[in-house]
Amino acid sequence: MARPPQQPKTFANPMASDRYNARDAEARWQKIWDQRGIFATRNDDPRPKYYVLEMFPYPSGRIHMGHVRNYTMGDVVARVKRAMGLNVLHPMGWDAFGMPAENAAMERKVHPKAWTYDNIAAMKKQLKSMGLSLDWSREIATCDPAYYKHQQKMFLDFLRAGLVERKKSKVNWDPVDQTVLANEQVIDDRGWRSGALVEQRELTQWFFAITKFAAPLLEALDQLERWPEKVRLMQKNWIGRSEGLLVRFALDPATAPKGEAELEVFTTRPDTLFGAKFMAVAPDHPLAAAAASNNPALREFIEQCRRRGTSQAEIETAEKLGFDTGIRAVHPFDPSWRLPVYVANFIVMEYGTGAIFGCPAHDQRDLDFVNKYGLGNVPVVSPPGVDPKTFVITDTAYEGDGTMINSRFLDGMTSAQAKEEVARRLEKERFHNRPVAERQVNYRLRDWGISRQRYWGCPIPIIHCETCGAVPVPEKDLPVTLPEDVTFDRPGNPLDHHPTWKHVACPQCGKPARRETDTMDTFVDSSWYFERFTDPWIANAPTDRPMVDAWMPVDQYIGGIEHAILHLLYSRFFTRAMKATGHVGLDEPFAGLFTQGMVVHETYRLPNGDWAAPAEVKVEADGETRRARLIATGEAVEIGPIEKMSKSKRNTVDPDDIIEAYGADVARWFMLSDSPPDRDVNWTEKGVQGAWRFVQRLWRLVGEAAELAQGAPAERPAAFSAQALALRKAAHRALARVSDDIEKLHFNVCVAHIYEFANALNTIIGDLGAQNGTQNGTGSAADEGPQTGSVATPDLRWALREAVNILVRLFHPMMPHLAEECWALLGHDTLVAQASWPEVEAELLVEETLTLPNNNNVKNTDDDK
RNA sequence: GCGGGCGUGGCGGAAUUGGUAGACGCGCGGGACUUAGAAUCCCGUGACGAAAGUCGUGGGGGUUCGAGUCCCUCCGCCCGCACCA
């Protein structure tokens, strides 16, 4: 395992006692912070608030380096804001429901609850060893009935407010295990345990009506100024607002199944209507079902489409397949024009009407489809600058705007004019007493299906009664708690198998009824925990209105980019729904968002193809190249590409090992130093060692500076020597830059400024040591004796003391334990964790002006060209 | 497939608004101290070149007095895609 370079124990090295002992110091300071309760935030504190939050972890059992990175960043912000005099809320909790607990139950015969709480205990210990300035008194676990009770209450509130619906949706069904599979449990169309081909099944499920907020969720993105532009863009595209036309195509009665007279499609390209070559409907479209009723081959095709996972990526990357139903649709502008109606595997029921008209010349997917089935294409939009007479489409569709061609009365119009003209004409036409077309705003966003056929989640507080239907559990009966006596010896939902739990009396009529056995998506749990943190103690309501309104929004939220869409969008919706039901007073929960990059590490592979973990490998430099061997056997190991730390590639580094060997401050410092926080950081042994050396160097530097500053005047000297002034400038420049870059969360740049400042301080101390050396001949500034520091004039001593006091406070947010140790060494009897942020003296930031060539002259002197 | 992002020395990266590219760290080379150094300190380190200088921010093109930064295009890598969290 990784160890820092050690002093040989056999030597009585005089420096050994000067070495900073992280293990001793970190435990000691953590205990002191804990005993004094300095990170517990009071809700009645009158100072201005600042709420910093990192995405809470799933209690998998051990923290990983991604957590270390995330929580270190948040802790830096929390400590800096605290030093700036704000009342900082920095809480922590556990996203404790979820599938892994049930998998553990099945594989290891442990109860999900026991497994989860054991994991929480282990991870809490690990987080504490990081020295995070967290308010643990507000700790939340979402699997605690004291938490999910309020979630159930809000579910019922949302239901009353019309924000909960019940409708059908598709799930992945494992026909062998007889269980619903998550998308990640479907591998190459097969169930991960059974290996059976999955099927799509329809279930009636509970939905949150997030689409009711599609417009406000989209519009408010513009106001989220402290969100990364890329996240706003991704959410914008996810919500996917599009303006278009709903068009009703009549079906040729001679070909239509009984009772089917029309086909509704939504299109954003009504201008291309004269380029239509076919119609296509989703495999689960009602027309497909109707057509299949007397067509076994079509039925088989639909079955085949269902034998695959439900994920979007899978649907869209699969080979495009279609089946001609024999039905013919009538072109809305030409009664004699018939279009074949296909069932196609790339059309999804969830978007628009689940049906399209295909214009192959101007849509790539449609073009691929016609090229496969030989339906041909007619270009109807001519790109600017292209001769319409020679314009043909073969393999690449033209999806841009242009001039209309081959389109009868639309010819010569722009695409925009043609869209308008088609809408205008079809709006007036009527078919079966309704307009043939209606202008429509459509969203790609779908309602949020929250039903999960699983045990380890928040029970949905509903009772199904044959006479009364779906009846809400009365509030006095909340929480509906999970039964603990469940078994995992067979697949499926243990709540369903439980002998008694689901059998209850209907709250309305009293007749025997059945509890809802579905539990909620864990995204529900994580959609309001930040609001609960503002007062996690209140027992009779999800939130305490004055408190939640005072603390929210979260000023700085920090987490992985992988949550850019779902978690953040759901939380934005949930906050709006809570506002609508009176639980909060705001719309947007996160005023500032920061998405951090991943932690990556190089991979190691044995000749037999097995992966080796970094802790099992010794890497040596061999001239220009690096070589790796297995420590245990000496076997050569191939050094592979740098990839995201993962269990499968075994390229993980355990934070415990690093903290044990180097200390938490080193782990924190390296995490922040090497890469911009929004990019991936490559964890390397060399980098960690560099951080460790810097910790030792700072410790020596502060010690030496403290010694040289001894006897510094209490009063600020009236004048400073050039050397003292240079030091003061270095200190204040570093202070100004770190303050600035911390605000922007540019931690890696802050680290560079601190290095520069430390280098400057070191140079001055070195110079003093050299002067000292000429006097006493030892050459060591650390030498004791009355002459030490004698060369430092009072003004320089004052400047040294100022500089080192600034330095310690500058690195405190990143390395809090070392900072406390240094702070104490400097003679403070306070905690640096409670010290205020230093004040910049602006006049010290003024650079000596250099006369630079006036760039404006360039403009006037370019006559020599 | 769709949506989003990233690309700068040997490596991680820095560079308000378009204005001296390479701060800071790692690595490497040299030196000092040392019985020793994987500790510490000092010097050097984009490429080519003896030098003057020339080239240089993924490739190609463009805008501009001036481009790492703006525009177009291509290539490569990464993330998300609604039941992983």
Side-chain angles (χ1 to χ4, degrees), chain A residues 4-8 13 15 19 55 57-58 60 95 97-100 169 171-172 180-186 205 210 228-231 233-238 240 309-318 320 346 350 364-365 368 444-454 521-523 525-526 560-567 569-570 595 597-598 600 621 623-624 626 641 643-644 670 673-676 678-682 684 686-687 689-691 693-694 696-697 700 740 746 748-749 751-756 759 762 766 769 779 852-853 855-862 865:
Chain A
Q6 293 289 332
Q7 292 283 349
N13 190 321
M15 290 297 283
R19 181 170 294 263
M55 292 179 183
Y58 178 78
S60 58
D95 190 11
F97 275 137
M99 236 174 24
S169 84
V171 294
N172 303 306
V180 176
L181 298 175
N183 281 339
E184 74 157 13
Q185 296 174 314
V186 178
Q205 310 209 60
I210 188 171
E229 187 57 41
K230 60 178 171 184
V231 175
L233 240 185
M234 280 191 258
Q235 291 214 352
K236 184 179 172 218
N237 290 331
W238 185 264
T310 56
S311 92
Q312 201 65 18
E314 210 170 331
I315 291 166
E316 290 183 24
T317 48
K320 287 174 187 57
F346 61 96
E350 287 79 11
Q364 191 61 46
R365 287 182 306 178
D368 295 344
R444 206 186 71 100
L445 183 67
R446 311 203 295 252
D447 278 333
W448 173 13
I450 60 154
S451 292
R452 297 291 181 272
Q453 295 68 43
R454 285 195 256 284
D521 179 8
T522 57
F523 272 125
D525 312 338
S526 56
I561 184 72
E562 68 273 19
H563 295 294
I565 295 173
L566 293 180
H567 163 59
L569 192 60
Y570 289 152
T595 54
M598 296 181 305
V600 296
E624 296 285 287
R626 295 164 66 248
E643 296 187 51
K644 176 180 181 172
F670 176 62
S673 66
D674 225 40
S675 292
D678 52 348
R679 279 204 227 162
D680 293 351
V681 63
N682 185 22
T684 62
K686 284 273 187 263
Q689 284 167 4
R693 281 199 301 273
F694 189 59
Q696 295 302 333
R697 199 169 143 223
R700 274 198 312 275
D740 194 40
H746 292 176
N748 59 321
V749 189
V751 164
H753 297 322
I754 291 171
Y755 266 109
E756 267 187 300
N759 290 344
N762 192 52
L852 292 168
N855 292 318
N856 293 334
N857 287 346
V858 175
K859 233 172 213 155
N860 307 325
T861 56
D862 65 349
K865 59 184 176 248

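So that the names make sense, note that chain A is the first sequence line, chain B the second, and so on, each numbered from 1. Keep in mind the model is a prediction, meaning the values are calculated, not measured.
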How is [X] classified with respect to the nucleic acid when contacts are heavy atoms under 4.0 Å: base, sugar-phosphate, or nothing?
X	result
A/Pro57	nothing
A/Gly98	sugar-phosphate
A/Val231	nothing
A/Ala313	base
A/Phe346	nothing
A/Glu314	nothing

Select one nucleotide: of [options], the one nearest the side-chain heavy atoms of [X].
X	options	result
A/Glu316	B/C84, B/G27, B/G1	B/G1
A/Leu566	B/C83, B/G7, B/A82	B/A82
A/Arg446	B/C42, B/A82, B/C78	B/A82
A/His563	B/A85, B/G5, B/C83	B/A85
A/Thr317	B/A82, B/G1, B/C79	B/G1
A/Asn762	B/C42, B/C24, B/A85	B/C42

Side chains of A/Ile561 and A/Met234: closer than 4.5 Å at any heavy-atom pair?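 Heavy-atom side-chain distance check passes, below 4.5 Å.
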Please tell me if the side chains of A/Thr595 and A/Glu562 come closer than 4.5 Å, counting only heavy atoms from C-beta onward.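 No, every pair of side-chain atoms sits at 4.5 Å or beyond.
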Does A/Asp525 reach the main-chain N or O of A/Phe97 with its side chain, forming a donor-acceptor pair under 3.5 Å? no
When you measure from the side chain of A/Gln235 to the backbone N and O of A/Ala564, does any donor-acceptor pair fall under 3.5 Å?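 Pair found, side chain donor or acceptor close to backbone of A/Ala564.
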Check the orientation of A/Phe523 and A/His563. Use parallel for under 30°, tilted for 30 to 60°, and perpendicular for over 60°. perpendicular
Which residue, A/Thr684 or A/Ser673, contacts RNA chain B at a nucleotide closer to its 5' end, judged by nearest heavy atom? A/Ser673
In terms of the nearest nucleotide of RNA chain B, which residue is placed more toward the 5' end: A/Asn237 or A/Phe694?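 Closer to the 5' end of RNA chain B: A/Asn237.
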Distance, rounded to the nearest Å, where [X] contributes [atom1] and [N] contributes [atom2]:
X	N	atom1	atom2	value
A/Leu233	B/C81	CG	C1'	16 Å
A/Asp674	B/G25	CG	P	12 Å
A/Met234	B/C81	CE	P	11 Å
A/Glu229	B/C6	CD	P	11 Å
A/Asp740	B/A14	CG	P	15 Å
A/Asp680	B/C11	CG	P	17 Å
A/Gln689	B/G27	CD	P	8 Å
A/Tyr755	B/G13	OH	P	16 Å

In short, A/Met55 meets A/Gly560 closest at the heavy-atom pair SD-N, 3.8 Å
If we take the [atom1] atom in both [N] and [M], what is their distance in whole Å?
N	M	atom1	answer
B/G30	B/A38	P	12 Å
B/U8	B/G58	P	6 Å
B/C11	B/C72	P	29 Å
B/U57	B/A52	C1'	26 Å
B/G5	B/A51	P	45 Å
B/C81	B/C26	C1'	38 Å
B/G4	B/G9	C1'	29 Å

State, without any angle test, whether A/Asn682 and A/Ser675 hold a side-chain donor-acceptor pair at a distance under 3.5 Å.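 Judged by distance alone, the side chains do not pair up.
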Please classify B/G9 as syn or anti, treating any glycosidic angle within 90° of 0 as syn. syn
